Amino acid sequence: MTIARRCEKITPFIVMDILEKIHKMEASGIDVVHMEIGEPDFNVPSCVSQMSIEAFSRNETCYTHSLGDIRLRDAISLYHRQTYGTIVDPGQILVTSGTSPAMLLLFSALVDPGDEIIISDPHYACYANFINYVQGVPVPVKVFEDEGFVYTPKAIEAAITPKTKAIFINSPSNPTGNVIPRDRMEEIVAVAESHGLYIISDEIYHGLVYEGQEHSIFEFTDKGFVLNGFSKLFAMTGLRLGYLIAPPHFVRPLQVLQQNFFICANSVTQLAGAAALTGAKAETDEMRQTYNNRRKYVIKRLKGMGFGISVEPTGAFYVFANAKHISNDSYSLAFDILDKAHIGVTPGIDFGANGEGYLRFSYANSMENLTIGMDRMETYLKEYA
Ligand SMILES: Cc1ncc(COP(=O)(O)O)c(C=O)c1O
């Protein structure tokens, strides 16, 4: 039996290999500090659990509209108006079981074989795999530490060809934690518009910004797609809820794909998501404050140990630290740190060739654990590096 060729180009997500090794170590009694995984360590806001229970007790457990329960789509529309001042028609919103399925549907509807999508390098590990899966071509554009890992319009221009379909942005970014400033967003939109390209904006870390301000792409153009989800800001990873906002003429094809492949997102979770958008602000504000304290602490400790952080990250919950003075093989380094210091970190190479030599530290962990992790890292560097 042969495996279908479309699977050949799909690369493993290295952080999952690290995580599996950690689970083995933990099963044998070793205590590991988790700084590898991008998963909030908070419980969901109380309105999310209350609404889930309520939705079950009301037997709201049937298939919903394939675009999503209108109560959630209305809440998303209102959230965008209140947060960014943008008008999003609920008819433009497709609710999905996480941002990941939204990405699969979007690329399926947008990309013909050979079409090129510009992505930053480094970038969230799965982007290139989604694009490859639909026979598109991910075109990495290098972004650099001393520019805060933010695209320059010049570098994007240089990567555009007649096959380019869209420019993909992710701000705040995974893995770098950096936020694209307003003027740079405007410049990127100007490049896209001058070439008739779409912009795809993954806004999943919106709401987790500690200095400055994040911007939705719809503040600047309506020739764009927004991807977002409830996994990060609302700590709802396992509940699987996300959405895609698309230009009107894309909605029907996307809906047909959703009807065939997924039918709809989870009915109970959709109502919980609507509750999160309207009733979780006090709790998410508190989470953000806690993340911010951890961010400052981890940056200070890593800098003190000699890691390079030229532009301090101001969003998401990651620090992408330059470890080239220790090793240019981030994969081996991450496993060595795990073996010897019992800290989980993600190698930069997981996020593209230009991420080589970096380590991604997630601070989605308690201050107590982060302190232990940073102390262990200091000892590791003294003993081995
Ligand atoms: C940048 C980015 N986009 C999308 C996702 C996928 O999130 P979801 O849980 O909504 O599928 C992640 C998850 O880590 C992410 O970091």
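Every value quoted in this text rests on a predicted model; they were computed, and no experiment measured them. Whatever order the structure lists them in is the order used to number ligands and atoms, beginning at 1.
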Does either side chain, that of Q213 or that of H215, offer a donor lying less than 3.5 Å from an acceptor on the other one?
no
Is the distance between the ring centroids of Y198 and F250 less than 6.0 Å?
yes
Under the criterion side-chain contact (heavy atoms from CB on, under 4.5 Å), which of I160, I199, I118 is the partner of V191?
I160
Name the residues in contact with ligand 1, where contact means a heavy atom under 4.0 Å away: which are they?
G98, T99, S100, M103, Y124, Y127, N170, N174, D202, I204, Y205, S231, K232, R240
Looking just at side-chain N and O atoms, do S330 and E356 make a donor-acceptor pair shorter than 3.5 Å?
yes
Could you tell me whether the side chains of S66 and Q258 share a donor-acceptor contact shorter than 3.5 Å?
no
If we count only N and O atoms by modelled type, under 3.5 Å, do the side chains of E368 and S366 hold a donor and an acceptor together?
no
